[in-house]
Amino acid sequence: MSLNKSMHPRNRYKDKPPDFAYLASKYPEFQEHVHTNLSGRAVVNFKEPEAVRALTCTLLKEDFGLSIEIPLERLIPTVPLRLNYIHWVEDLVDGQKQRRRGIDIGTGASCIYPLLGATMNSWFFLATEVDDICFDYATRNVKQNHLSDLVKVVKVPQKTLLMDALKEETEIVYDFCMCNPPFFANQLEANGVNSRNARRPPPSSVNTGGVTEIMAEGGELEFVKRIIHDSLQLKKRLRWYSCMLGKKCSLTPLKEELRKQGVPKVTHTEFCQGRTMRWALAWSFYDDVIVPSPPSKKRKLDRARKPLSFTLPHVAVKELQAKARALGCTSRHPLKAITTLVEKTLTDLRVLHKRVPCREHEQSLLLTAVENTWLHGRQKRREQMRQLRELPRADHNAAAAATTMPSLTQDTQVDADQKSANPEVTAESPSVEGRKVTDIADEVDQELPEQVADVETKPRCDPAGTCGQKDASEMPSKQPASPLSVERFLFKCLLNVLHEESDAVIEIHWVEGQNKDLMNQLCTFLRNTLLKAVSKS
Ligand code: SAH
């Protein structure tokens, strides 16, 4: 699946996302959380923390032979993204080849990094934790996996990071430290106010994190700055210092801080699957370390160019042909029949469309969306909320108003980025994400939006429902003749209908416009409409 191309090349889930159906057949406790979606695929509802936890525990058991326990009220780690960070640390310390010694700052109840690092690479770990519950679970998880020789969990006071943890061991040089820092600066940020770009869809997810897990004074920025300051004293006691970041905007000020302090070696990377993004920063005071290059811009461009797509399985294609015939489509060609149905939906939605020349055995439509007629009322409110979140932080009134909106207070969350590794979770499992600031991975068909379940398949013609893009007065009263002739539009895209063996695939390529999330929504709407038409018959 395309999203996995951006995983670390050694990540075992890169070309082989978890097979939910197989795992469900093998692990009864996981089976309880697996459902079958409209296309007959096994899916997991990532809104349920129990389901996320079951998946994490199942993957750790199946793929690493690890048995862990995690309380629902603490952060639930997700395996594929945690693996990305481990592999990047391997790159930093050349750690696949030799035993390495590392520190995990804030190991969590799962103790996931030390357990993975010790199991995969026989690394030694000093794992620190401030929270009593996390400390107890982490200690137990190490013991029950017989890894006490490699992993030592220590309880530390809140104010300390590296310095106190190392004060008893004055001699040992550590190869690295890693850290998934507490994330939010305060409750507002934890609730999503000011934390996201207004153009991105909000995660609808569950928050199982305890206070010290998800909130630190000053958020991740201050937390990492404190690690930087400890590192300025410890210098060569560690070969590499590293931190994961949940917000891209943390990267620049932290790199600037390192530059100001004259730290000689600095690098960063990004971990991404679908729309789940994390960043990581590493620095070293050694001259002889290998410095992995940051991700190239080309990869980013490639990602931006990648179309959205979804598959209509063979059985669905047959039924859609029958539907098209009922609508008067005389062609026996399945792709033409599907195109007729797509055209009908677009007409109902008042999305302008026109057939355009294309390759043999394909159908192509150029679409111009002038108004948003596909968005559910609840989603529209969320869009408005998102705009509120853009207000400057100092504006307390607005922020307070935002927190009283029901859609926000309902938005709780869990860290469930293993969703990122599975291409089949998105449509039925709107989202789970431990770190509010980032988007949720939508791996099915790469970038379908997370609120699929909320997108109604009945067109709505509420002119005010424009995601705040335009006034009602700006809306066209009737459809212009050609998608090429309109001057004001939300976006343009190219929709291709093609064969993939006996299935049909719909690909939607971005052409231009205001915001790709709107195209994501339309893509989901089309997919739901076509699949619903099949499930009803
Ligand atoms: N590493 C785990 C947990 C990350 S959440 C994972 O990736 O899933 C951050 C953790 O840091 C929480 O468990 C929190 O209790 C802990 N923490 C917060 N402040 C800390 C500090 N000063 N020192 C050590 N741990 C801390």
Side-chain angles (χ1 to χ4, degrees), residues 49 52-53 55-57 59-60 66 68-86 88-89 102-118 125-139 141-142 151-167 176-185 190 207-230 242-246 271 276 278-280 413-418 420 432-438:
V52 178
R53 178 172 68 179
L55 178 56
T56 293
C57 294
L59 288 180
L60 287 175
L66 290 163
I68 67 157
E69 281 166 40
I70 344 170
L72 282 178
E73 66 276 13
R74 290 293 180 273
L75 197 71
I76 300 172
T78 54
V79 179
L81 258 181
R82 296 301 189 280
L83 263 187
N84 276 340
Y85 190 5
I86 289 274
W88 191 57
V89 172
I103 302 170
D104 180 26
I105 305 171
T107 200
S110 58
C111 200
I112 186 142
Y113 290 125
L115 293 185
L116 286 174
F125 264 96
L126 178 65
T128 72
E129 184 53 61
V130 288
D131 177 89
D132 284 324
I133 295 180
C134 288
F135 172 75
D136 290 345
Y137 270 89
T139 309
N141 285 330
V142 171
V151 181
K152 180 172 158 194
V153 186
V154 292
K155 177 100 188 351
V156 294
Q158 178 76 54
K159 62 174 187 8
T160 73
L161 287 167
L162 280 169
M163 290 297 286
D164 280 22
L166 288 184
K167 70 174 181 255
F176 64 90
C177 73
M178 58 197 303
C179 176
N180 196 5
F183 209 68
F184 304 118
N207 182 352
T208 63
V211 171
T212 54
E213 287 181 289
I214 59 166
M215 278 174 22
E217 211 166 316
E220 68 176 7
L221 195 58
E222 285 312 309
F223 197 87
V224 179
K225 274 189 184 165
R226 284 168 55 206
I227 299 181
I228 292 179
H229 288 126
D230 274 8
S242 78
C243 271
M244 180 140 123
L245 302 169
F271 308 128
T276 297
R278 297 285 188 279
W279 294 265
Q413 60 191 307
V414 153
D415 191 302
D417 32 20
Q418 66 238 54
S420 314
V432 185
E433 180 46 44
R435 273 83 208 293
K436 193 87 173 185
V437 187
T438 55

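Atoms within a ligand are numbered from 1 in the order they appear, just like the ligands themselves. Everything quoted here is computed from the prediction, not taken from an experiment. These numbers come from the heavy atoms of this one structure, side chains and all, not from hydrogens, waters or symmetry mates. FYI, the numbering just counts along the sequence from 1.
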Which atoms of ligand 1 have any heavy atom of [X] under 4.0 Å away?
{"X": "Pro77", "result": "8 (O)"}
{"X": "Cys134", "result": "13 (O)"}
{"X": "Leu75", "result": "4 (C), 5 (S), 8 (O)"}
{"X": "Val130", "result": "15 (O), 17 (N), 18 (C), 19 (N), 20 (C), 21 (C), 22 (N), 23 (N), 24 (C), 25 (N), 26 (C)"}
{"X": "Asp131", "result": "15 (O)"}
{"X": "Leu161", "result": "21 (C), 22 (N)"}
{"X": "Thr128", "result": "24 (C)"}
{"X": "Val156", "result": "23 (N), 24 (C)"}

>> Tell me whether the rings of Tyr85 and Tyr113 are parallel (<30°), tilted (30 to 60°) or perpendicular (>60°).
In response: perpendicular
Side chains of [X] and [Y]: does their closest heavy-atom pair fall under 4.5 Å?
{"X": "Met178", "Y": "Trp88", "result": "no"}
{"X": "Leu161", "Y": "Val156", "result": "no"}
{"X": "Ile228", "Y": "Asp230", "result": "no"}

Are any of the N or O atoms of [X] closer than 3.5 Å to those of ligand 1?
{"X": "Gly106", "value": "yes"}
{"X": "Lys159", "value": "no"}
{"X": "Glu129", "value": "yes"}
{"X": "Asn180", "value": "yes"}
{"X": "Asp104", "value": "no"}

> Nearest heavy-atom pair of Asn141 and Ser110: which atoms, and what distance?
Replying inline: ND2-O, 3.6 Å
> Are Arg74 and Asp131 within salt-bridge range, i.e. N to O under 4.0 Å?
Replying inline: yes
> Is the NZ atom of Lys152 crowded by more than 12 outside heavy atoms at less than 6.0 Å?
Replying inline: no
>> For Val154, is there any backbone N or O sitting under 3.5 Å from a side-chain donor or acceptor partner on Thr128?
In response: no
>> For Leu115 and Val142: C-alpha separation, side-chain torsions, deciding distance, then whether side-chain contact (heavy atoms from CB on, under 4.5 Å) applies.
In response: CA-CA 7 Å; Leu115 293 185; Val142 171; 4.2 Å; yes
